[in-house]
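Working notes, structure below.
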Amino acid sequence: MSSLEPNRCPYCGSQRLLRDLEQAEIVCTECGRVIETDLMDMGPEWRAFEADERTDRVRVGAPITYTIHDKGLTTTISYLDKDLASANITPDKRAQLHRMRKWHRRIRIYDARERNLAHALSEMTRIADKLGIPKNVIETAARIYRKAVMQGLVRGRSIQSMAAATLYIACRTCGHVRTLDEIADAASLEKKEVGRSFRFLVNEMKMYVPPLTPKHYVARLLSRLRMRGEAEDIAYKTLTIASELRLTSGRGPMGVAAAAVYVASVLTGERKTQREIAELARVTEVTIRNRYKSLVKNIMFEVHL
DNA sequence: AAGACGAAAGTGGTTGA
DNA sequence: TCAACAACTTTCGTCTT
């Protein structure tokens, strides 16, 4: 680590080196040359908003401190094609200046993007860790996010909500069932904000995101209620019939799933209260009742116990 | 007393002119 | 941009177990 870092400027021999962690560089204060770039920062992550973040924020993953990466110290190359004495310059020099400006601009855009990406990635990892979302989903999310950045879709929107939305898309496409609620919660964002970003991304990127059906939710509800076997069977059969009868379209899938689970609990005798199910499904009892009513009305339950 | 039921008013988001 | 609209929630009184 520090033994690998130079303590003497290779250009002028000076030992007055400045280790700039913000820029991840070592700079010689004598001749001003940058000696080392892309230093690894071994210190802890500085930003921590909650008590337990302070303890688990260690130097792993991408840095998220570089919100203002250059502290306003960027170089700009004048667009006046004049020299110091305001005299016109040769066509040769003009062309050179033009090239310099071009690359200067490109490099700045490039590392702004990288920084954005790094920030987003750490955000996504944080959310995913909280929810126990597997690695492959995070990677899918990262790919989608990178694409979004390249298409310029992230600019002007909060990185957090875009990161959360991307993660949600990844969950959907990978078949990993998570509600928008859960992800918004873990990201400490408003559901509607994440939802907006989600819809925006899907529209702009013309992605196909497979819809979530009630069946996706049923397994989770059942396992949280510790129900299996027969109840599982009944819930799935109910949903199959319900979707054939078009009772599910236009309805919130969670409400339908909750109702199916309730039906199953009643039919098998391992009765759960509506409130209990409603709480887990994050819908109200009234919604369960309404779905449940239409299920009962439209489906003849032939109970084989 | 807890749970289920249902009416009525309120909420936030979508849609279509 | 605005109003109509559908789905869902909140609230609350009543009925059932």
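Lettering of chains follows the sequences in order, A, B, ..., and the numbering in each one begins at 1.
Protein atom CD1 of A:Ile288 is 12 Å distant from nucleotide atom C1' of C:dC8, rounded to whole Å. Between A:Leu180 atom CG and C:dA7 atom P the separation is 20 Å, expressed in whole Å.
Not a single donor-acceptor pair under 3.5 Å links the side chain of A:His119 to the backbone N or O of A:Asn116. Here the side chain of A:Arg220 pairs no donor or acceptor atom with the backbone of A:Leu280 at under 3.5 angstrom. No side-chain donor-acceptor contact under 3.5 Å links A:Thr140 to the backbone of A:Ala170.
Inspection of the A:Ser243 and A:Thr248 side chains reveals no N or O donor paired with an N or O acceptor under 3.5 Å. Using modelled atom types and a 3.5 Å distance limit, the side chains of A:Thr125 and A:Ser122 yield no donor-acceptor pair.
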Could you spell out the base pairing of DNA chain C in dot-bracket, with Watson-Crick or G-U pairs whose two distances are under 3.5 Å, [ ] crossing and | to another strand?
|||||.|||||||||||

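Classification of A:Glu193 and A:Arg196 as a salt-bridged pair fails, no side-chain N sitting under 4.0 Å from a carboxylate O.
Dashed line: the shortest gap from a side-chain N or O of A:Arg291 to OP1 or OP2 of C:dC8 is under 4.0 Å.
Looking at heavy-atom distances under 4.0 Å, A:Thr273 makes contact with sugar-phosphate atoms alone, never a base. A:Gly195 comes within 4.0 angstrom of no nucleic acid atom, judged by non-hydrogen atoms across all strands. Residue-level contact check: A:Lys191 touches neither bases nor backbone, having no heavy atom under 4.0 Å from any strand.
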Should A:Tyr217 and A:Thr179 be marked as a side chain to side chain contact (heavy atoms under 4.5 Å, CB included) after you check the CA-CA gap, both sets of side-chain angles, and the distance that decides it?
CA-CA 9 Å; A:Tyr217 293 117; A:Thr179 60; 3.6 Å; yes

Let me have a per-nucleotide readout for nucleotides 5-17 of chain B, 5' to 3', with B, S or -, counting only protein heavy atoms under 4.0 Å.
BB------SS---

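Here A:Arg275 pairs with nothing under the side-chain hydrogen bond (donor to acceptor under 3.5 Å, both in side chains) rule; sequence neighbours left out.
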